Q: 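Here it is: the structure, laid out below.
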Amino acid sequence: MTTVVFTEKNKAAAQISNILAGGSARRTIVDGVPVYEFQRNGVPWKVMGLAGHIMGYDYPEEFSNWRDVDPAMLLDTEPIKKVTKTQFGSAILKLSKDADLLVLACDFDREGENIGFEAKSIAEKVSGSTVKRARFSSLSKSEIDKAFTDLVEPDENMAMSAEARQILDLKMGAAFTRFVTLSVRERARTKGVLSIGPCQTPTCGFVYERELAIRKFDPKDFWKIEGIFNGKGTDFTGAHRGGHIYEKEKADAIFSKLKNCRTAVVSKKTVKEMKTNPPFPLNTNEFLKRSSKYLGVSPEQALEIAEQLYLSGFTSYPRTETNKYADDMDFKKILKGFTRGDYQDFAMLLLSQDKITPRNGKKDGHDHPPIHPIKAGSRAEVEKAVKMPRAWDVYDLIVRHFIANLLPEAIFEKTRFEITAEGELFDSTGSVQKSAGWLAVYPFEKPQDKLLPLLEEKDVIDVKKINNIKSQTTPPKRLTEAELLTLMDKHGIGTKATAPSHIETNKKRGYFETKGKTIAIMDTGFTLMDALNSSVPILVKPDIRSRIESLIQEVEDGTKKFPLALEEGTTLIKEMYSHLLKNRELMVSQIAGTITDEAVAADKKNHVGTCPECGRMLRMVITDKGRFVGCTGYPQCKNTYPLPKAGALAVQRSRKCKKDGIAVIKVGNKYFWSVGIGPCFSCEKEKECFPPEVIGPCPSCDGQMFLIATKDSRFLGCTKRCGHTQSVPKKGRLTVTDKVCEGCGWHFIRVKEQGKDAKEYCANRKCEAAAAARKDAIRKARTRE
DNA sequence: GCAAGGTC
């Protein structure tokens, strides 16, 4: 009389056993798998945790060679399901042999039902006993007790719907991936596989669509009228109510009406108190988005860190849809851990309250609570337990978010002036933080105060200047990872646990890459999406996932039989396949062309110059074993030159060695290396080849200022060593441009920080024109808010 | 060597 229970994972097995056994479950190991044993109602119980899916679909052996099988065959072949985690398979057999009742107790969702059925299908080989289902949405005692008292029938429709998804995903993925990869390989050597899938392809599709919008963008000129006013001795700006004016004549007319105007009137004043609510508790999606946005940590990495933090007991389970806390959540218990250290002020404040009220969201996946800290840890403790870069930052974000959610709202006082000048209306807004509330613990979102003078209605103010500013509409920005995750979530691409992996797949395939926080499509990805878009547009859009989704939903609802859904799904895939087949030539030529171009470009990057021995091309040869410069004429020409062992190598196209005429290579960010000679710093011609980068006249003597870069700093110094120095931005790539400042004769510098727009300006701190421009930029930044 | 979904 034994009852055997299967849960989705070991952790759930342990917890459920403790609840059902009243705290006295015995842990044993069967074929390496933990099993919890206890007595309940006089009957022996055994509970085993699975590890998610323990079975998986694949094609039969004879279909595994890509070259032997027409990919289209895969659409008419049924994949077979096999046990992929054999130790679980044998443990299930051992346990089920003498069971009288089998209970499936996996998560209450589609995949959970399916995982339970995997165990059931294995158990039924050796056991004919009854199979029941325990349904629960959380691992609380009351729910578990109830679920195991009121056992229900397993839901075959639900399990089969997941089965249909698995088969259709594999059929489509395998057939399309093989077809595209093999077709393109006829014309170009591909580095790896060109994969296609119902989640990864639409994910890339979002990035592609954005790229299209950027490329198609046609900038339009517009004008805006800005007033610079002075009231009570304080300058402030106002924007003309006309906003963006697209006709020059219209802007000019307003401007000429106003340009000689010297006074204006505050025609209306409103003061409003604005409240900003704390954020909702963190579910996985929100956590990943904020990690990316605030910390620049990729979703994949953030999830991995959260997983480690969870395993080390610092934070709760990281995969959850829920953004509201259960009513019995014990906030005080957690906060007590934080009464020392970085967060103590906030923890003490909250603990002094009778009641702590979170600002709850509305999503309840009935799975796990929102991500929150479990125990307090110092930076040293967290970094010791989780040996991953940024682990502390992620933990800090989770703790701060947790506390912020419990704190009161932030309060701002927002003032708005309507200003009338010559009958034209301007608006000025300012806001002042009255009470920081949750923002005090949440430095990731810092709103800036914008100050306005204390004016009242009917006050007359000075008009210092009216500007007619020409501007241009800007193209859409590249997607950030956070925005991509939002799009995926909105269109049901992937699940909370798999979304980052689809992004990762696209990166691995060379379809897109991250540049700072934004995602940039790569040539291969763009051409592939372009080709797919012109032959099978639904593949590039989220439609493909939703078509399959609605099919399997019908299976789950019982309105469509599993075999029919499979057939219809296969027909859909076949249809797409035939479209792709029809456009094969065009697709292949496009993609092969791009791949060849990329290869040529990569090869060109390695070209160093002409071989003095034989006249052919010299190139850098970089292998796992080492690197050197060799001749393309090898093996006839055996000419080689050494290269430095460490540092990234970049051939300097604009430079040739003055000694031997062969190329100069930049090593890392550190020094230059002449092929055939060695490091330039040990060469007597160094000064001649690398004259100091002069930026302009020294403001304190008749010398010239030039850029001095050392290993850990950079600044401007004087060629006459008069002692005058000036600072330059520490961050970003810095170049001296040809443009010369009219004010002081210095060359403009160009600073390009990763993920930001390049800035060009005069860096001279002693230049009046530059000072005015800086002031103007600050003012503009303020008024833009 | 193909997918996506669980979990470790």
Side-chain angles (χ1 to χ4, degrees), chain A residues 6-13 32-34 49-61 63-75 77 79 81 84-85 87-88 106-119 159 161-183 185 190-204 284 303-304 306-308 310-312 317-320 367-368 488 492-506 508-509 539 544-545 548-549 552 569 573 577:
Chain A
F6 298 109
T7 70
E8 188 142 330
K9 52 179 172 279
N10 176 49
K11 199 180 147 254
V33 181
L50 306 171
H53 287 286
I54 53 170
M55 300 176 87
Y57 273 100
D58 212 343
Y59 280 100
E61 182 73 37
F63 291 87
S64 61
N65 188 321
W66 291 29
R67 290 264 164 221
D68 294 348
V69 183
D70 178 352
M73 287 267 292
L74 300 175
L75 300 176
T77 307
K81 201 171 197 191
T84 49
K85 290 183 180 134
Q87 74 281 20
F88 286 91
C106 297
D107 294 356
F108 179 30
D109 54 27
R110 194 182 274 159
E111 296 300 328
E113 199 70 29
N114 187 273
I115 292 165
F117 269 69
E118 289 176 7
S161 69
E163 208 75 2
R165 181 206 47 80
Q166 292 173 30
I167 296 170
L168 292 172
D169 283 352
L170 176 62
K171 277 193 172 184
M172 179 188 149
F176 282 50
T177 301
R178 288 191 194 184
F179 173 74
V180 174
T181 307
L182 293 175
S183 303
R185 268 192 208 162
T190 58
K191 260 183 258 144
V193 166
L194 291 168
S195 68
I196 285 170
C199 285
Q200 53 170 282
T201 304
T203 300
C204 193
T284 307
L303 198 56
E304 178 64 31
E307 180 81 33
Q308 295 298 322
Y310 159 65
L311 290 171
S312 319
Y317 188 71
R319 280 179 272 272
T320 174
D367 43 6
H368 300 274
M488 292 170 74
I493 304 293
T495 65
K496 58 190 189 292
T498 62
S501 79
H502 300 313
I503 296 180
E504 220 48 38
T505 304
N506 277 292
K508 199 174 91 193
R509 299 290 187 218
L539 249 177
I544 177 61
R545 178 85 294 193
I548 295 178
E549 177 62 34
I552 65 175
I573 297 169
Y577 191 88

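What you see is a predicted model, and the numbers here were worked out from it, not measured in a lab. Each chain gets a letter, A, B and so on, in the order the sequences are listed, and its residues count up from 1.
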Q: Send over the distance from A:Glu304 CD to B:dT7 C1', rounded to a whole Å.
A: 12 Å

Q: Does A:Asp58 contact B:dC2 through a side-chain donor or acceptor facing the base, at a distance under 3.5 Å?
A: yes

Q: What integer distance in Å separates A:Ile573:CD1 from B:dA3:C1'?
A: 10 Å

Q: Given 3.5 Å as the limit, does a donor-acceptor pair link the side chain of A:Asp109 with the main chain of A:Gly112, or not?
A: yes

Q: Rounded to whole Å, how long is the line connecting atom CD1 of A:Ile493 with atom P of B:dA3?
A: 15 Å

Q: Distance check: side-chain N/O of A:Arg110 vs OP1/OP2 of B:dG6, anything under 4.0 Å?
A: no

Q: Roughly, in whole Å, what's the span from CG in A:Leu75 to C1' in B:dC2?
A: 12 Å

Q: Using a strict cut-off of less than 4.0 Å between a Lys/Arg side-chain nitrogen and an Asp/Glu carboxylate oxygen, indicate whether A:Asp169 and A:Arg545 qualify as a salt bridge.
A: yes

Q: Indicate, with a heavy-atom threshold strictly under 4.0 Å, whether A:Gly494 touches base, sugar-phosphate, or nothing.
A: sugar-phosphate

Q: Which is more 5' along DNA chain B, the nucleotide nearest A:Glu111 or the one nearest A:Thr177? Just name the residue.
A: A:Thr177

Q: Where along residues 164-173 of chain A does a heavy atom fall under 4.0 Å from DNA chain B?
A: A:Arg165, A:Gln166, A:Asp169, A:Leu170, A:Gly173

Q: With respect to the side chain of A:Arg185, which nucleotide from B:dC2, B:dG6, B:dG1 is positioned closest?
A: B:dG1

Q: Classify A:Phe176 by what it touches in the nucleic acid, base, sugar-phosphate, or nothing, heavy-atom distance under 4.0 Å.
A: nothing

Q: I want to check one thing: is the phosphate of B:dC2, taken as OP1 and OP2, less than 4.0 Å away from some side-chain N or O of A:Thr181?
A: no

Q: Are A:His502 and B:dG5 close enough that a side-chain N or O sits under 4.0 Å from OP1 or OP2?
A: yes

Q: Nearest of B:dC8, B:dG6, B:dG1 to any side-chain atom of A:Val193?
A: B:dG1

Q: Find the distance A:Glu8:CD to B:dC8:C1' and express it as a whole number of Å.
A: 13 Å

Q: Between OG1 of A:Thr84 and CD1 of A:Ile54, what distance do you get to the nearest 0.5 Å?
A: 7.5 Å

Q: On DNA chain B, does the nearest nucleotide to A:Pro202 precede the nearest nucleotide to A:Leu311 from the 5' side, or the other way round? Give the residue.
A: A:Pro202

Q: Grab the NE2-P distance between A:His368 and B:dG6 for me, whole Å please.
A: 11 Å

Q: Kindly check if the number of other-residue, nucleotide or ligand heavy atoms within 6.0 Å of NZ (A:Lys508) is above 12?
A: no

Q: Between A:His53 (NE2) and B:dC8 (P), how many Å, whole number?
A: 13 Å

Q: Is it true that a side-chain atom of A:Lys171 and a backbone atom of A:Ile573 form a donor plus acceptor pair closer than 3.5 Å?
A: no

Q: For the side chain of A:Lys9, counting heavy atoms from C-beta on, which of B:dA4, B:dC2, B:dC8 is nearest?
A: B:dC8

Q: Kindly determine whether A:Thr284 and A:Arg319 satisfy side-chain hydrogen bond (donor to acceptor under 3.5 Å, both in side chains), including the steps that lead there.
A: CA-CA 5 Å; A:Thr284 307; A:Arg319 280 179 272 272; over 6 Å; no

Q: For A:Tyr317, is the NZ or CZ atom of A:Lys9 found under 6.0 angstrom from the centre of its six-membered ring and inside 45 degrees of the ring axis?
A: yes

Q: Looking at the side chain of A:Asp107, which of B:dT7, B:dA3, B:dG5 is the nearest nucleotide?
A: B:dT7

Q: Quick check on B:dA4: is either OP1 or OP2 less than 4.0 Å from any side-chain nitrogen or oxygen of A:Thr495?
A: no

Q: Would one find a side-chain N or O of A:Arg509 under 4.0 angstrom from OP1 or OP2 of B:dA3?
A: yes

Q: Contact class for A:Pro198 vs. all strands (heavy atom < 4.0 Å): base, sugar-phosphate, or nothing?
A: sugar-phosphate

Q: Would you please name every residue forming a side chain to side chain donor-acceptor pair (under 3.5 Å) with A:Gln308, sequence neighbours left out?
A: A:Glu304

Q: Round to the nearest Å and state the distance from A:Asn114 atom CG to B:dG6 atom P.
A: 10 Å

